[in-house]
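All remarks here apply to the structure that follows.
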Amino acid sequence: MVKIATWNVNSIKQRELACAEWLRQASPDVLCLQELKCQTPAFPKAVFEDLGYNCAVLGQKGFNGVAILSKFPIDEAIGALPGDATDEQSRYLEAVLSVPGGPAIRVASIYAPNGNPAPSPKFDYKLGWFSRLESHVKGLLAFEEPLILAGDYNIIPRPTDVYNPANWIEDALFRIEARRAFRRVTHLGLTDALMACNSAGGQYTFWDYQAGAWQKDLGLRIDHLLLSADAAKGLVASGVDRKPRGWDKPSDHTPVWAELRLT
DNA sequence: ATGGTAGCTGGGCTA
């Protein structure tokens, strides 16, 4: 069984101890991290290596930044989403992991652009970024291997994935153009792991720091694990772990995980 | 109508 998870930590320096604690509690084989907010050399690798994880890191000064922690050996790490050589934002890291006794799996840690306000150049960047993701994933799916695209997509897929959808119609996370861009990716043949296991609404993964959103459970579901057919056929379970959102000095996101039996 | 919080940074941007 392979357990894989994703967590936007909103600064790895601030969340180093929480991250280590969650790894001890949940012991995933793979954890994809987003919003490191640190440069690559400053990533606290030793903490995670001591817990038995290999680290692939794509940092950036101040913003963004993604990583893949893996108990399996990491091969072929690629730190860029193809399609725009001028894009300097660290939002995509892909690696092949050698799973002992099973097929190799390809994993991407994704931090899609927020895109607010909309419309604006930032929203255009978001739509362009999803268009690049669509093209790239189309190529990856031709490999017919277990592929897991895990991360913060900054997309609310359905009205039941936000506490008050009417208030979010104009927001870049819920605007119809953004949802369509996301759906064009999933319609290539990807399975939303959490939805495949339980399609009920209200399974939020993010709660704003402001206005007591966490205490009132006013959340969004924007962190997703998308699986290729070769990964989805082994899907056993998936869930949201709310505990870390309730810890002291939390990230505004909480981990999402899935368990796969791959053969 | 506004501001409410957090993080990086050293003023303002991003979320």
Any A:K249 side-chain nitrogen or oxygen under 4.0 Å from OP1 or OP2 of B:dG7: yes

A:Q14 vs B:dC8: side-chain N/O to OP1/OP2 distance below 4.0 Å: yes

Between P of B:dT14 and CG of A:N8, the distance in whole Å: 17 Å

Contact nearer the 5' end of DNA chain B, comparing A:F206 with A:L36: A:L36

Ring geometry between A:Y153 and A:H224 (parallel below 30°, tilted from 30 to 60°, perpendicular above 60°): tilted

ILVMFWY cluster, A:F123 and A:W168 together (side-chain gap under 4.5 Å): no

Geometric class of the A:H136/A:Y92 ring pair [parallel <30°, tilted 30-60°, perpendicular >60°]: perpendicular

A:Q60 CD - B:dC13 P separation (whole Å): 17 Å

side-chain N/O A:K37 vs B:dT14 OP1/OP2, d < 4.0 Å: no

Touch class at under 4.0 angstrom, heavy-atom based, for A:Y111 against every strand present: sugar-phosphate

Distance, rounded to the nearest Å, where A:K216 contributes NZ and B:dG4 contributes P: 14 Å

Proximity to the side chain of A:K122 - top-ranked nucleotide from B:dG7, B:dT5, B:dT14: B:dT14

P atoms of B:dT14 and B:dG10, separation to the nearest Å: 14 Å

C1'-based separation of B:dG3 from B:dA15 [nearest Å]: 16 Å

Under-4.0 Å side-chain N/O to phosphate OP1/OP2 contact, A:K13 with B:dG7: no

Which residue lies more 5' along DNA chain B, comparing A:R91 with A:K61 via nearest heavy atoms: A:K61

A:R15 side chain vs A:N10 backbone, donor-acceptor pair below 3.5 Å: yes

Phosphate contact (B:dA6 OP1 or OP2) by A:S11 side-chain N/O below 4.0 Å: no

Whole-Å gap separating C1' (B:dC8) and CZ (A:R15): 12 Å

Atom-pair distance (CZ on A:F63; C1' on B:dT14), nearest Å: 6 Å

Test item: A:L36 and A:Y111 side chains (from C-beta on) under 4.5 Å apart, heavy atoms: no

Whole-Å distance separating the CG atom of A:L218 from the C1' atom of B:dT5: 15 Å

Distance, rounded to the nearest Å, where A:Q210 contributes CD and B:dT2 contributes P: 15 Å

Whole angstrom value for the distance that separates P of B:dA15 from CG of A:D208: 13 Å

